[in-house]
Novice: 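Mind looking over this structure? Questions follow.
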Amino acid sequence: MKIAFLSDIHSNYHALTACYRYIEKNNIDHICYLGDYISDFPYPVRTLEAIKEFARDHSCFYIKGNREEYMENAFKNNVTFNKGSQQGSLLYTYENLREEDIKWFMSLPVSCEITIGDYAPFGISHGGYDNSRDIITIHDNTAYNFIKKQTTRLHILGHSHKPFIYERDGKILLNPGSVGVPVSGRKKAQMAVVTFRADMIMPEFVELPYDTESAIIEFYESGLIEYADVWSRTMIAIIETGEHYNEKCIRLVEKLAEQSGRDFSDEELWQNAAEILGI
Ligand SMILES: [Fe+2]
């Protein structure tokens, strides 16, 4: 049995369809989505419709990520996002979603355990078991702390966009990286495929080229760039380089805000950061 794990699509339809082509070609039996389906890239409904369409003849499992929770929160509590580099991408996404999409997000769990046939059960989450915003990485002790609490032999999570495989005490913790916003230096959609055979678990990372040109053009064509200028430019820089430009930009804006005593949402700070980063 083969299962594909797809995390952090972020409305990057072109990257997603490259993954779908691979899944079809390689006879993968099930698909597990780890959340953050939308935001950052344009046309969120196109991505959600592609996911729905693919589920017609594929077996799929879903959980939600923090981006879906932001949309739910805006819907339930009448939260409004502002135009501008800090929140404009969330505003664009919220305005372009349908009520049925948000209701679907609301129906999804934050984490779950899956058992298929006689194979060993495995767990999935976006971040932590209870909090989709928990960042679990191997660069600090978060992966170690997670695996100590891990209740299944295999657990797969996303959110950091940084792929890793971590093994300890007979347990495996896996992050497939990000389908739509990969930041490990390579300009390819990332996912993981795990082969289950008897009591063996064999994970494999997959990286796929996709239509980056169309992905970039659509930031302008859709009008998203006018909602979230610098944020969209960090996304375009990520597409072009595979480097973590949104993280770099946030750090820089935080520093500039601290130095100047101005607010983190101040558009001028974002424009200054973009100039320093050369994006
Ligand atoms: Fe996330």
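Side chains are part of it too, since the values below use all heavy atoms of this structure and drop only hydrogens, waters and symmetry mates. As the structure lists them, so they are numbered: ligands from 1, and atoms in each ligand from 1. Along the sequence shown, residues carry numbers from 1.
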Novice: Determine whether the aromatic ring centres of residues Phe5 and Phe122 are separated by less than 6.0 angstrom.
Specialist: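 Ring centres of Phe5 and Phe122 closer than 6.0 Å.
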Novice: Under 3.5 Å, which donor-acceptor pairs do the side chains of residues 188-199 form with other protein atoms, sequence neighbours left out?
Specialist:
residue, atom, partner, partner atom, Å
Gln190, OE1, Ser178, N, 3.1
Gln190, NE2, Ser184, OG, 2.7
Gln190, NE2, Glu207, OE2, 3.2

Novice: Checking Lys162 side chain against Val183 main chain: does a donor-acceptor pair fall under 3.5 Å?
Specialist: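 Looks like no, no N/O pair under 3.5 Å.
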Novice: Under 2.8 Å from the Fe ion (ligand 1), which protein N/O/S atoms are there?
Specialist: Asp36 OD2, Asn66 OD1, His126 NE2, His159 ND1
Novice: Okay, side chain of Ser85, backbone of Val230: is any donor-acceptor separation there less than 3.5 Å?
Specialist: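 Such a contact is found between Ser85 side chain and Val230 backbone.
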Novice: Search all heavy atoms of Tyr210 against all heavy atoms of Ala18 and return the closest pair with its distance.
Specialist: CB-CB, 3.8 Å
Novice: Give a yes or no answer on whether the side chain of Glu24 reaches the backbone of Arg21 with a donor-acceptor pair at less than 3.5 Å.
Specialist: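 No; judged by distance alone, with no hydrogens or angles, the pair does not exist.
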